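Down below is the structure, laid out as structure tokens.
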Amino acid sequence: MKPGKRRGSLLAELALAVEFLTVLPVRRTRADETAATEPPDMALALPWFPLVGALLGLALVGLDWALSFVFPLGIRAVALLVFDALATGMLHLDGFVDCCDALLGTRTVERRLEILRDSRVGAYGALGGALLLLAKFAALTALVSGPGRVLALLAAPILGRWGMVYAVTRYPYARAAGAGAPFRNRGISQLAPASIILLLLLAASALVIGSRGSGIGTTLPLTASLLVVAWLVLLGWLAWASRRLGGGLTGDTYGAACVLVELTVLVLAQPLATLAARLFGG
């Protein structure tokens, strides 16, 4: 009974993560009738965020491979951007756009928080969103076909979703209620399992891709490098955003963190892959 109940709990937590991060109509498993009437503890989904990122990454890899038989790199890049936006309900992109409007310029903390609640898009948000999509398009077209491209498409969403977990667990929530409020007050107990899952997913991706392509001696250093630079960018973003919001973060800043980490991985994957191949003979 105990093992079965735990298995059901894990599946429910994973389903929560999928429901929150994607548009997939996943139905949570229920242990009993009481659980069905209680709001789910969304924080329990945090450790599974990297796994949801891996599922999205696999979908991107599969779509990219299927389109490669017919379409050139530029068309494939657009298709990947469209798929990513639709699959996530533009959740993270919306957070990034809102952050551009709220955090740029000279305003009070209270005014920044008000702008983050506003559904309208301002000049900063429109320009920031356009530049973000242009940068991702350029990065996707610069990534040559092969193991490096596959690894980048997998690692970007994995690291991006882990970045959200790091933001949630290491910084206080900036307001009393909001989209990110259900994740408040969750510390190392959630970050540790998420980090373990992250490392396992990245290591498995590097080993599988390396064994079938450029060599494990190249993919492992490349993966480690992407992890380090993504983490540094994440730390810089969270420190800056939290200062602009009086020491805390909001749901929009979580989404923006995911987007910025993904962009970092996509932009740096190709030059780091070239460097790793030269240094380690891949």
Side-chain angles (χ1 to χ4, degrees), residues 17 21 46-65 68 73 76-77 80-81 84 88 92 135-136 138-167 169-170 190-238 257-282:
L21 296 174
L46 287 173
W48 300 104
F49 275 29
L51 182 55
V52 177
L55 296 176
L56 288 169
L58 287 172
L60 290 171
V61 170
L63 177 62
D64 188 56
W65 173 81
S68 67
L73 208 53
R76 287 157 56 192
L80 293 179
L81 290 175
D84 181 66
T88 60
H92 314 313
K136 292 187 77 171
L140 287 169
T141 54
L143 277 168
V144 296
S145 298
R149 182 178 177 86
V150 174
L151 182 59
L153 291 177
L154 280 172
I158 294 173
L159 284 166
R161 275 66 188 177
W162 177 83
M164 297 178 71
V165 180
Y166 187 91
T169 57
R170 305 308 293 171
Q190 302 296 326
L191 180 59
S195 299
I196 293 172
I197 292 174
L198 165 79
L199 294 175
L200 290 175
L201 289 171
L202 291 180
S205 299
L207 291 173
V208 172
I209 295 170
S211 66
R212 301 172 64 87
S214 61
I216 295 173
T218 298
T219 54
L220 283 177
L222 171 59
T223 303
S225 299
L226 291 174
L227 173 59
V228 171
V229 296
W231 184 62
L232 292 176
V233 168
L234 176 67
L235 289 182
W237 162 252
L238 296 179
C258 176
V259 167
L260 290 172
V261 169
E262 286 183 324
L263 179 62
T264 299
V265 173
L266 294 175
V267 168
L268 295 181
Q270 188 60 50
L272 287 176
T274 302
L275 179 62
R278 291 176 179 174
L279 292 178
F280 301 96

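What you are looking at is a predicted structure, and each value in this text was computed from that prediction instead of being measured.
- Closest non-hydrogen pair, A230 versus V261, comes out as CB-CG1, 3.8 Å.
- Here the closest heavy-atom approach between residue P50 and residue L201 is recorded as O-CD1, 3.5 Å.
- Between I158 atom CD1 and S205 atom OG the span is 4.5 Å, to the nearest 0.5 Å.
- A heavy-atom distance below 4.5 Å is found between the side chains of L198 and L159.
- Distance check: L56 CG to L154 CG gives 11.0 Å after rounding to the nearest 0.5 Å.
- Screening L222, L151, T218 for a side-chain contact (heavy atoms from CB on, under 4.5 Å) with I209, the sole residue that qualifies is L151.
- In this structure, T219 and V208 have side chains that are not in contact, with every pair of non-hydrogen atoms separated by 4.5 Å or more.
- For the pair L234 and L260, the minimum side-chain heavy-atom distance is 4.5 Å or more.
- Identified under the salt bridge (Lys or Arg N to Asp or Glu O under 4.0 Å) test for residues 190-204, with sequence neighbours left out: none.
- By the side chain to side chain donor-acceptor pair (under 3.5 Å) test, S195 is found to be paired with W162, residues two or more places apart in sequence or in another chain being considered.
- Taking each heavy atom of L238 and Y166 in turn, the nearest pair found is CD1-CD2, 3.7 Å.
- For the side-chain contact (heavy atoms from CB on, under 4.5 Å) test, residues two or more places apart in sequence or in another chain that qualify with L207 are I216, L220.
- The two residues V265 and A152 come nearest to each other via the heavy atoms CG1-O, 4.0 Å.
- In terms of the side-chain contact (heavy atoms from CB on, under 4.5 Å) criterion, residue partners of V259 (sequence neighbours excluded) are, by chain and number, H92, F96, L132.
- The side-chain hydrogen bond (donor to acceptor under 3.5 Å, both in side chains) pairs that include a residue from residues 46-56 are E13-W48, where partners are two or more places apart or lie in different chains.
- In this structure, I197 and F49 have side chains that are not in contact, with every pair of non-hydrogen atoms separated by 4.5 Å or more.
- Pairs engaging residues 221-235 under the side-chain hydrogen bond (donor to acceptor under 3.5 Å, both in side chains) rule: none recorded [sequence neighbours left out].
- Counting heavy atoms from C-beta outward, L226 and L202 have side chains that stay 4.5 Å or more apart.
- Identified under the salt bridge (Lys or Arg N to Asp or Glu O under 4.0 Å) test for residues 262-271, with sequence neighbours left out: K136-E262, R161-E262.
- Screening residues 222-237 for salt bridge (Lys or Arg N to Asp or Glu O under 4.0 Å), with sequence neighbours left out, gives no hits.
- With sequence neighbours excluded, the residues forming a side-chain contact (heavy atoms from CB on, under 4.5 Å) with L199 are L227, listed by chain and number.
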Could you go through residues 266-274 and list every donor-acceptor pair under 3.5 Å that involves a side-chain atom there, pairing it with any protein atom two or more places apart or in another chain?
residue	atom	partner	partner atom	Å
Q270	OE1	V144	N	3.2
T274	OG1	Q270	O	3.1

Would you tabulate the side-chain donor-acceptor contacts of residues 58-65 under 3.5 Å, counting partners in other chains and residues two or more places apart, or write 'none'?
residue	atom	partner	partner atom	Å
D64	OD1	R76	NE	3.1
D64	OD1	R76	NH2	3.3
D64	OD1	R149	NH2	3.0
D64	OD2	R76	NH2	3.1
D64	OD2	R149	NE	2.8

